[in-house]
4 protein chains.
Amino acid sequence: MTEEEDGSFDGQNDPDRATGGISAERLRSIIERIERLEEERKALSGDVKDIYTEAKSAGFEVKIIRQLIRLRKQEPAEIEEQETLLDIYRRALGM
Amino acid sequence: MTEEEDGSFDGQNDPDRATGGISAERLRSIIERIERLEEERKALSGDVKDIYTEAKSAGFEVKIIRQLIRLRKQEPAEIEEQETLLDIYRRALGM
Amino acid sequence: MTEEEDGSFDGQNDPDRATGGISAERLRSIIERIERLEEERKALSGDVKDIYTEAKSAGFEVKIIRQLIRLRKQEPAEIEEQETLLDIYRRALGM
Amino acid sequence: MTEEEDGSFDGQNDPDRATGGISAERLRSIIERIERLEEERKALSGDVKDIYTEAKSAGFEVKIIRQLIRLRKQEPAEIEEQETLLDIYRRALGM
DNA sequence: CAAGCCGAGGAAATGC
DNA sequence: GCATTTCCTCGGCTTG
């Protein structure tokens, strides 16, 4: 029985044969696609940063805007829960 | 009445009048644009994750791929850093 | 009223009974110890800063000194990393 | 008057003569003292981390504890101010 | 699936 | 006062 037929004997190391087969190309493709996507991500981060800069120039408080966005992302129940817990801890400390 | 006419007197805290003026719209725009961009970022993260899944299915070691990508990112950065260091020394020596 | 009577029903959140039980003391202890340690850390930061000031007064370029220290820290880390990478490749190749 | 006596005549570039004079030793001393202090700082960070781990094991929410510590560090006026601003922005958005 | 680790992102301190 | 740098926090990933 050949490796090609079932490919299973070597468990997780199948692409080790990359040195001899087509999978080197496959690997290259994988890496390049990932790098491409991460570049795009980075570009978007830059765009976000620019908007914050714009906001600041317009007189807004960046920190508060971040807080707002965070809040909008959270479930109300979650917010409530955290505040409750904070209260409990505060009381435990007599604050 | 224009924004310039009613908004210019309050110095550095212009958008504080957000409660009553046009800047509420500005704020909304800022926030929505940021949220939009972050959604896109998140989508890209998902795409990357999918590729890793694909890689794993194809028998590659995800951990190694990550390491490779990290190295490919690092090397240019290191070159850059060496040049920066050289510059600094040059300046320190007044060259 | 004992801790078991009022606090035990809440499953995984045992210390939620902090309001009524002994864990308030535990919480206080935790917080105070952390605050103490962070004060010490802050003091050390001050010491470091003083040394940089001294260095500057002595005519050294602070920026360069920082860079030197960073490099001295990095080099061992990089050696370590290379070894890690080697290990990973070895495993990937089943060696 | 010698350089050793006042060290001030050549302005900021005094230690450039490090290659030939005593200041190489001075530089070494500076760097080693800083590295020593930073090690201590790092050790304290480790201690803090340990306490958080302990807290977690005891069933406390680390995130909330961090929040508490942050609050205890802040001026009440400061807290108030941020909340006010957050409210203003929220209203502007009709949240 | 839980915990520990690592890296990115956000906040704060500092120097110009 | 703004921009850079440094530090801390948080979330995601990896591992056991």
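Each chain gets a letter, A, B and so on, in the order its sequence line appears, and its residues count up from 1. Any value given below was found using the heavy atoms of this structure, including those in side chains, with hydrogens, waters and symmetry copies removed.
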Asks: For a quick test of your reading: what N or O donor-acceptor pairs under 3.5 Å do the side chains of residues 78-89 of chain B make, sequence neighbours left out?
Replies:
| unit_1 | atom_1 | unit_2 | atom_2 | d |
| --- | --- | --- | --- | --- |
| Glu78(B) | OE2 | Gln74(B) | NE2 | 3.3 |
| Thr84(B) | OG1 | Glu80(B) | O | 3.1 |

Asks: In Å and rounded to the nearest 0.5 Å, what is the CD to CG distance from Glu61(B) to Leu93(C)?
Replies: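 Rounded to the nearest 0.5 Å, the CD-CG separation comes to 9.5 Å.
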Asks: Would you tabulate the pairs of protein nitrogen or oxygen atoms and nucleotide nitrogen or oxygen atoms of nucleotides 13-15 of chain E closer than 3.5 angstrom?
Replies:
| unit_1 | atom_1 | unit_2 | atom_2 | d |
| --- | --- | --- | --- | --- |
| dT14(E) | OP1 | Lys49(C) | NZ | 3.3 |

Asks: If you count heavy atoms of other groups shown closer than 6.0 angstrom to CZ of Arg72(D), is the number above 12?
Replies: yes
Asks: Once salt bridge (charged side-chain N to carboxylate O under 4.0 Å, His left out) is applied, do any residues pair with Arg70(B), and if so which ones, sequence neighbours excluded?
Replies: none
Asks: Between atom OH in Tyr52(A) and atom P in dG9(E), what is the gap in whole Å?
Replies: 12 Å
Asks: Between residues 67-89 of chain C and DNA chain E, which residues have a heavy-atom gap below 4.0 Å?
Replies: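 The stretch gives none, as no residue of it lies under 4.0 Å from the strand.
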Asks: Tell me whether the side-chain N/O atoms of Lys63(C) come closer than 4.0 Å to OP1 or OP2 in dT4(F).
Replies: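 Indeed not, no polar side-chain atom of Lys63(C) lies that close.
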Asks: What residues form a salt bridge (charged side-chain N to carboxylate O under 4.0 Å, His left out) with Glu38(B), not counting sequence neighbours?
Replies: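 If we apply the salt bridge (charged side-chain N to carboxylate O under 4.0 Å, His left out) test to Glu38(B), skipping adjacent residues, the hits are Lys73(A).
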Asks: Does dT6(F) have OP1 or OP2 sitting under 4.0 Å from an N or O in the side chain of Arg41(D)?
Replies: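 For Arg41(D), the contact criterion (side-chain N or O under 4.0 Å from OP1 or OP2 of dT6(F)) is not met.
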Asks: Excluding sequence neighbours, so at least two apart, what forms salt bridge (charged side-chain N to carboxylate O under 4.0 Å, His left out) with Arg66(C)?
Replies: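 None.
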Asks: I'd like to know if the side chain of Ser29(B) reaches the main chain of Glu25(B), judged simply by a donor and an acceptor atom lying under 3.5 Å from each other, with no hydrogens or angles considered.
Replies: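 No.
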Asks: Return the value, rounded to whole Å, for the distance between atom CD of Glu61(A) and atom P of dG10(E).
Replies: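 Whole-Å distance recorded here is 17 Å.
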Asks: Roughly how far, to the nearest 0.5 Å, is CD of Glu40(B) from CZ of Arg41(A)?
Replies: 12.5 Å
Asks: Write down the distance between CG (Asp50(B)) and C1' (dC13(F)), rounded to a whole number of angstrom.
Replies: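 About 15 Å, once rounded to whole Å.
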Asks: Leu44(A) CG to dA8(E) P: how many Å, rounded?
Replies: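 Spelled out: CG on Leu44(A) to P on dA8(E) is 16 Å.
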Asks: Mind calculating the distance between CD (Glu38(B)) and C1' (dG11(F)) to the nearest angstrom?
Replies: 14 Å
Asks: What is the distance, to the nearest angstrom, from the CD1 atom on Ile65(D) to the P atom on dT9(F)?
Replies: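 Rounded to the whole Å, the gap is 13 Å.
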Asks: Hey, what do you get for CZ (Arg90(D)) to CD1 (Ile64(A)), rounding to the nearest 0.5 Å?
Replies: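 Those atoms lie 10.5 Å apart.
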